[in-house]
Amino acid sequence: MNTKVWKVDKFVDNLENNPQIVDAATLLIDNEVVALPTETVYGLGGNAESDVAVAKIFAAKGRPGDNPLIIHIAEKDQINSFVEDIPENAALLMDSFWPGPLTIIFKKIDGVLSELATAGLTTVAVRMPDHPVAHALLKKCGIPIAAPSANSSGKPSPTTAQHVMEDLQGKIAGIIDGGPTGVGVESTVIDCTEPIPVILRPGGITLEQLEEVVGEIKVDPALTNSESKPKAPGMKYRHYAPNAPLFLINGSQKFLQKHVLEKQQEGFRVGVLTTVENTNEYQADVILACGKRAELETVASSLYSVLREFNQAKVDVIYSEIFPNDGVGQAIMNRLQKAAGNKVISED
Ligand code: AMP
Ligand code: MG
């Protein structure tokens, strides 16, 4: 399949009627799938009401069928056609964080959305993205759009159109190139079908921000205990993985360096994932800085592209520093742990 690439300037006026957006919207209405920039990562969109379109999303990504998709909308009132009711907590969160990187789980009205999109669940995950290109496209096509991240399943999520091309060129109808995304990690997923909302996946909106709006929040125990079953089906899968095995080092720089030297002595090409503050502290074959430790948002926004860079650099093994587990650090550590398949080496 020939994958069209549309370059779109997200700052121009009247984006909704930009010929490239109109072209992409027409393909979506025709049940083709199209990659689009959002403020978190690039998404792979398809008509959420169509089994044909949604099946194309799963096929292009190689995504397991039991992992439901997030439904994207341009206007809040679009949810009334497929959501049973809007609990008070959900309404407060929508007012505070939509548009933005927060996905809310609602009880669903049956028979409107493709059952494939919701993996046959009685609930549905919804988000209103805060990106001019995503907004214009969603508005132009006027239908709810199911969109997981636009990468091959298991790989790091795409934060540039180039990343999408690496994984999906030839498998999808088109890619809207709107430049690099901002937040860099996916949305926070919160279940509002229970009296006290539960975070199922940490992301762009932090626990602290959510608590400020609705008070008490629970966190899915599976996020901290790998023995319990996650409530978000997708959280049980390995994700975000670079090609080389990744180990998280819970210890000093000296301890990390010792592991690098050991592997080099065994003849391996070794990578280190650190931040700009610490790049000069290590000696290794490839040292990549992922933002600034002092500004964790910068770590989030460059994490996936750095994981992909290690693939290009063809290392055999990667050792990474870890990050504080609060604020956006929760999302960063969640993604790093998944990318590492939970391989953590602790100093004591
Ligand atoms: P992705 O599309 O890759 O950003 O992942 C979306 C995440 O939301 C996955 O972990 C899904 O399992 C999760 N999710 C989507 N719909 C639901 C739902 N109805 N209930 C619980 N988790 C969901
Ligand atoms: Mg994904």
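Indexing begins at 1, ligand by ligand and atom by atom, following the structure's order.
Protein heavy atom closest to atom 13 (C) of ligand 1, with residue, atom name and distance, is Ala232 CB, 3.9 Å. Looking only at heavy atoms of the protein, atom 4 (O) of ligand 1 is closest to Arg201 NH1, 3.0 Å. Nearest non-hydrogen protein atom to atom 8 (O) of ligand 1 is Val189 CG2, 4.0 Å. In terms of protein heavy-atom proximity, atom 19 (N) of ligand 1 is closest to Thr123 OG1, 3.0 Å. Counting protein heavy atoms only, atom 14 (N) of ligand 1 is closest to Pro68 CG, 3.8 Å. Counting only heavy atoms of the protein, atom 9 (C) of ligand 1 lies nearest to Asn67 OD1, 3.4 Å. With respect to atom 18 (C) of ligand 1, the closest heavy atom belonging to the protein is Ile105 CD1, 3.5 Å. Ranking the protein heavy atoms by distance from atom 10 (O) of ligand 1 puts Gly234 CA, 3.4 Å first.
The backbone N or O of Ala222 sits less than 3.5 Å from a side-chain atom of Asp220, completing a donor-acceptor pair.
The residues Glu39 and Lys10 are annotated as not salt-bridged, no charged nitrogen and carboxylate oxygen being separated by less than 4.0 angstrom. Classification of Lys263 and Asp316 as a salt-bridged pair fails, no side-chain N sitting under 4.0 Å from a carboxylate O.
If you number the atoms of ligand 1 from 1 as listed, the ones under 4.0 Å from a heavy atom of Pro148 come out as 2 (O). The ligand atoms of ligand 1 that sit less than 4.0 angstrom from a heavy atom of Lys231 are 21 (C). Near Ala125, meaning under 4.0 Å from any of its heavy atoms, are these atoms of ligand 1: 15 (C), 16 (N), 17 (C).
Around the Mg ion (ligand 2), the protein N, O or S atoms closer than 2.8 Å are Ser149 OG, listed by chain and residue number.
Checked options Thr193, Leu121, Thr122; the residue passing with Lys107 is Thr193 (criterion: side chain to side chain contact (heavy atoms under 4.5 Å, CB included)). For the side chain to side chain contact (heavy atoms under 4.5 Å, CB included) with Arg308, the lone residue among Thr159, Leu303, Asp167 that qualifies is Asp167.
Residue-level proximity to ligand 1 for Arg63 is carried by the side chain, the only part with a heavy atom below 4.0 angstrom. Contact annotation for Leu200 and ligand 1: only side-chain heavy atoms (C-beta onward) come within less than 4.0 Å of the ligand.
Proximity of Leu121 to ligand 1 is established by a heavy-atom distance of less than 4.0 Å.
A donor-acceptor contact closer than 3.5 angstrom is absent between the side chains of Arg201 and Thr103. A donor-acceptor contact closer than 3.5 angstrom is absent between the side chains of Glu281 and Thr274. Side-chain polar atoms of Asn334 and Tyr240 form no donor-acceptor pair below 3.5 angstrom.
The number of heavy atoms from other shown groups lying within 6.0 Å of NZ (Lys314) does not exceed 12. Heavy atoms from other residues, nucleotides or ligands lying under 6.0 Å from NZ of Lys139 number 12 at most. A 6.0 Å sphere centred on CD of Glu212 holds no more than 12 heavy atoms belonging to other residues, nucleotides or ligands.
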Determine all donor-acceptor pairs shorter than 3.5 Å in which one atom belongs to a side chain in residues 282-297; sequence neighbours excluded.
residue : atom : partner : partner atom : Å
Tyr282  : OH   : Glu321  : OE2          : 2.7
Asp285  : OD2  : Gln264  : NE2          : 3.0
Asp285  : OD2  : Val270  : N            : 2.7
Arg293  : NH1  : Ile322  : O            : 3.3
Arg293  : NH2  : Glu321  : OE1          : 3.0
Arg293  : NH2  : Ile322  : O            : 2.8

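The closest side-chain heavy-atom distance from Ile176 to Pro37 is below 4.5 Å.
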